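Chain letters run A, B, ... following the sequence lines, proteins first, then strands; residues in each count from 1. Remember, it's a predicted structure, so these values are computed and weren't measured experimentally.
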Amino acid sequence: MRILIALLIAMSFPVYGFSAEKAAANPEGKKVYDGWCAQCHGYKGDADSFTKDVSLPQPRDFTFGTYKFRSTPSGDPPTDEDITKIIRKGNPGTSMPPWTRFTDAEVKAVVEHVKSFAPDTFAMERKPINIGNPPKASKEIIEQGKEQFKIAKCVDCHGKTGRGDGDKGWQDDFKTDWGYGIAPADYTHGWELRNGSTLEDIYRTISVGLSGTPMTSYLDSLPDDKRWALAHFITSLQLTRKLGLALKVGRVESLPSKPNDPAWEKVDYLDLPMGGQLMFDKREFTPVITNVRVRGLYTSKELVILLQWTDKKPNDGSDGKPADSVRIQFPVKKHEGSELPYFFMGTSKAPVNMWQWKASDKEKVFDMTAKGPDKVEPKDKAEATVMATYEDGLYSVVFKKELKSAKDDPVFEIGKFIPFSITAFDGRNGEDGLTKGAVSAWYYLMMEPPTPMQVYVFPPVVALGVLIAGIGLHKSLRKNKKG
Amino acid sequence: MQKIYPIIAIIGLVISISSVFKKSPFFNFVGLQILIYGLLKSADYIMPALPAQVILMYMAMSVFSFIIYFSIQEETFKAFLEPMRSLFADDNKKFLRLIIAFIALPLFAGYLTYAKVKPTYDPPVSARIVHPEPPSQMDFKGKTMNVLGLENPLRKDTANFAKNVEEGKKIYYQNCFFCHGDDLDGKGHIADAFNPVPLPFRGTDTIAQLPESFVFWRVAKGWRGLPAGSGPWNSSMPSFEDFLTEEEVWQVIMFIYESTGNKPRSWE
């Protein structure tokens with residue numbers, strides 16, 4: 001009899017079994033997953049997929065059962081809401097986009113399917129931590145957070161100014177549980193913080209950590225107020241990104257002496273979003289330089305252009321990997337109308353002039369004419385000079401050029417929009433200083449001409465005229481009245 | 001921000017109506033102008049927003065026509081001018097006169113002049129042609145192909161349809177999705193680095209308008225094949241003949257149609 005009951009229970013098990021069976025029973029989840037998730041996360045959820053070699057950060061392996069982005073304490077699996085949030089909002093700075101096209105029912109079914117890859121993990125109870133009310137931002141709390149940043153050793157990995165350049169973050173054993181290397185987050189790039197960039201997002205990340213990575217949970221080791229202070233400090237590090245098409249270059253009497261001169265901070269800037277170079281062999285599918293900030297100034301004689309970007313681990317080429325490098329290009333011919341050379345290295349019909357700086361040769365400008373990636377000719381004499389610094393995870397490279405141009409040089413005319421584009425290379429990421437690197441589109445720089453005299457003269461003259469007319473009217477009306 | 005304009009229109013209406021009761025044609029005029037301005041600016045609730053130039057023109061017309069209207073009868077015109085006359089002449093308006101006539105008005109005129117003479121610098125704009133005209137013939141790795149009338153040879157192989165689409169999916173996610181997006185919506189991981197931004201395949205504006213051979217030409221030739229009017233110098237679309245075989249290009253085309261639910265245009 002007992003055997004019979006056991007047999008009955010065993011037979012009924014697949015029908016009433018645990019979540020994995022339930023998920024498999026919902027074909028909708030598998031259908032959407034196979035259609036729109038499997039390309040990266042794998043049909044079996046193991047991230048062995050089409051994009052495994054061409055995406056960075058790599059897609060999550062669901063069979064592992066470890067989730068970086070959660071609202072639950074470290075060691076616990078994420079809640080369904082956590083997974084739903086990632087599907088709906090995506091992970092900034094990764095290939096995981098926000099999926100807005102699917103219905104709530106479809107997303108729910110996908111969540112069940114995702115969970116079914118690690119059924120044991122999701123068998124336990126899951127409860128988010130309490131976020132509570134954030135304290136208001138103030139100078140004091142940010143200052144406290146800055147102290148905590150050192151005391152709690154955040155600085156060891158994330159670096160002094162939060163660019164992810166800390167020494168500890170770049171040792172060989174700095175790896176994830178999945179076995180690959182990982183870079184500490186760059187807090188200055190708020191727009192690409194995977195787990196969100198708001199104060200609450202940062203607080204949550206500090207509190208529960210990122211499971212499977214060296215980012216541990218501080219829920220028990222730091223009291224609530226200190227975590228909030230840290231979150232305030234970290235949020236305060238975020239850059240305000242300024243996107244646009246043109247950079248205005250102001251005129252000054254004397255130029256800042258160094259690339260990291262504080263005087264540069266007051267100068268107007270333009271942020272260039274960077275993407276992998278995919279047009280020519282060798283292609284760069286996994287760029288890590290995602291933003292280059294450009295500034296410029298000019299005097300009566302010279303033009304200087306400052307390029308700044310995060311590089312968490314500088315590379316001068318001495319370890320066998322290519323050296324870090326940056327390149328700026330301009331059309332060789334004076335730019336007329338809307339026609340331009342190709343935005344990456346020009347063509348034989350429309351060549352470009354390129355100035356390249358390499359970390360292996362810090363004081364030299366490699367001045368070249370390019371008629372396409374396979375037709376690059378060095379120039380006899382460099383027309384520009386360069387100065388470079390690396391400080392707290394930030395490269396600052398200044399190119400300087402006399403406004404007077406030699407025959408084959410780009411023409412820098414005041415008041416004209418001069419096209420330029422940037423290519424930046426991270427040697428540690430295997431970027432070769434040639435084609436494999438991060439590229440920008442064409443942008444323009446414009447040396448602002450001095451304000452024309454009429455701007456100072458006409459408005460006061462008109463204002464005075466109106467005033468005199470008003471007084472005249474007043475006088476004549478009074479006269480009439482009296483008369 | 002536009003939400004404020006209907007409120008402005010209502011304020012104008014209130015001023016206008018109340019000044020009718022107070023028998024003050026000047027403030028009626030001011031109220032009407034505010035009402036009309038508010039309405040013109042709120043037009044974008046029901047239609048595409050009016051350009052600033054058009055609004056300026058309508059306002060000028062409205063100012064002139066209402067001045068004419070208020071000046072037809074001499075009595076009304078006198079009453080219309082009264083507030084202005086009073087501002088400039090009356091003894092009890094000294095303070096108001098100083099503020100409005102002798103300070104605000106000259107400053108406003110000066111500001112208008114400044115806005116007019118201040119030089120503005122705008123970078124050159126480049127228009128985008130979403131569907132550049134393809135050539136009638138193209139060269140694919142040394143093979144001459146007629147773009148017009150060309151059919152996707154894989155469509156005939158109905159037995160292997162699913163296999164070809166799956167191959168296309170793999171090619172898409174190893175070559176295209178960085179820009180054109182995981183969801184084929186043109187919002188790929190690095191899409192914002194390029195100008196013009198990569199096009200979406202979802203929706204009815206792009207591949208849904210084209211026969212597959214045109215798409216083959218765009219994929220195979222990329223930026224290099226674009227006519228000058230389409231700004232090849234800005235395009236980040238690779239020439240995929242450098243990276244993919246003919247069959248692979250047809251496969252990826254099948255995938256982008258299949259996964260967006262779009263149908264290629266036929267040659268009829």
Side-chain angles (χ1 to χ4, degrees), chain A residues 35-36 39-40 49-51 54-55 94-97 99 101 245-246 248 272-276 278-281 283 285 287 337-343 350 415 417 438-442 444 446 448-449 451-452 454-455 458-460 462-467 470-471 473-474 477-478 480-481, chain B residues 85 88-90 97 101-103 105-114 116-119 121-127 169-175 177-179 181-183 185 187-196 202 222-224 228 231-239 242-243 259:
Chain A
W36 298 102
Q39 71 272 14
C40 295
S49 68
F50 299 153
T51 65
V54 289
S55 56
T94 78
S95 294
M96 178 71 186
W99 294 93
R101 189 163 53 85
L245 193 57
K248 281 185 184 157
L272 275 45
M274 306 293 284
L278 297 171
M279 290 81 66
F280 304 97
D281 211 20
R283 295 185 279 177
F285 298 105
S338 63
E339 209 155 318
L340 289 169
Y342 193 52
F343 80 96
F417 283 87
V439 296
S440 83
W442 276 126
Y444 296 93
M446 202 273 293
E448 280 188 296
T451 314
Q454 65 200 47
V455 175
F458 284 5
V462 170
L464 196 67
V466 170
L467 179 65
I471 294 173
L473 187 66
H474 165 64
L477 284 172
R478 290 282 278 236
N480 285 351
K481 210 174 161 190
Chain B
R85 194 206 57 77
F88 277 99
D90 285 358
R97 175 157 59 236
F102 298 151
I103 295 178
L105 217 56
L107 280 181
F108 184 62
Y111 170 75
L112 284 185
T113 318
Y114 169 75
K116 203 83 196 162
V117 295
K118 181 185 66 157
Y121 303 100
D122 295 310
V125 283
S126 52
K169 182 176 179 181
K170 182 174 172 183
I171 295 158
Y172 181 85
Y173 286 104
Q174 291 179 348
N175 293 278
F177 95 117
F178 310 98
C179 296
D182 243 299
D183 200 25
D185 54 2
K187 293 176 185 159
H189 185 176
I190 59 166
D192 66 350
F194 301 109
N195 179 22
R202 226 164 253 297
W223 67 275
R224 247 180 242 146
W233 48 85
N234 282 334
S235 169
S236 51
M237 178 68 188
S239 301
D242 297 352
F243 303 107
S259 59

So which part of [X] gets closer than 4.5 Å to some heavy atom of chain A, the side chain, the backbone, both or neither?
X: B:D122; value: backbone
X: B:P123; value: both
X: B:S259; value: both

Chain B contact via [X] - side chain, backbone, both or neither, heavy atoms under 4.5 Å:
X: A:I471; answer: both
X: A:M446; answer: side chain
X: A:P341; answer: backbone

- Would you check if the side chain of B:Y173 reaches a backbone N or O of B:D182 as a donor-acceptor pair within less than 3.5 Å? yes
- Query: In chain order, what residues pass the ring-ring contact (aromatic ring centres under 6.0 Å, His included) check against A:F50, with sequence neighbours excluded?
  - Reply: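 For A:F50 there are no ring-ring contact (aromatic ring centres under 6.0 Å, His included) partners, ignoring immediate neighbours.
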- Message: Tell me if the centroids of the rings in B:F178 and A:F285 come within less than 6.0 Å of each other.
- Response: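 Ring-ring flag for B:F178/A:F285: true, centres closer than 6.0 Å.
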- Are the ring centres of B:W223 and A:Y342 closer than 6.0 Å?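 Centroid separation for B:W223 and A:Y342: below 6.0 Å.
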- Item | Options B:F194, B:Y111, B:F102, ranked by heavy-atom pairs under 4.5 Å with chain A, top entry |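 Counting heavy-atom pairs under 4.5 Å, the top option is B:F102.
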- Item | side chain to side chain contact (heavy atoms under 4.5 Å, CB included) partners of B:L112, counting only residues at least two apart | B:F108
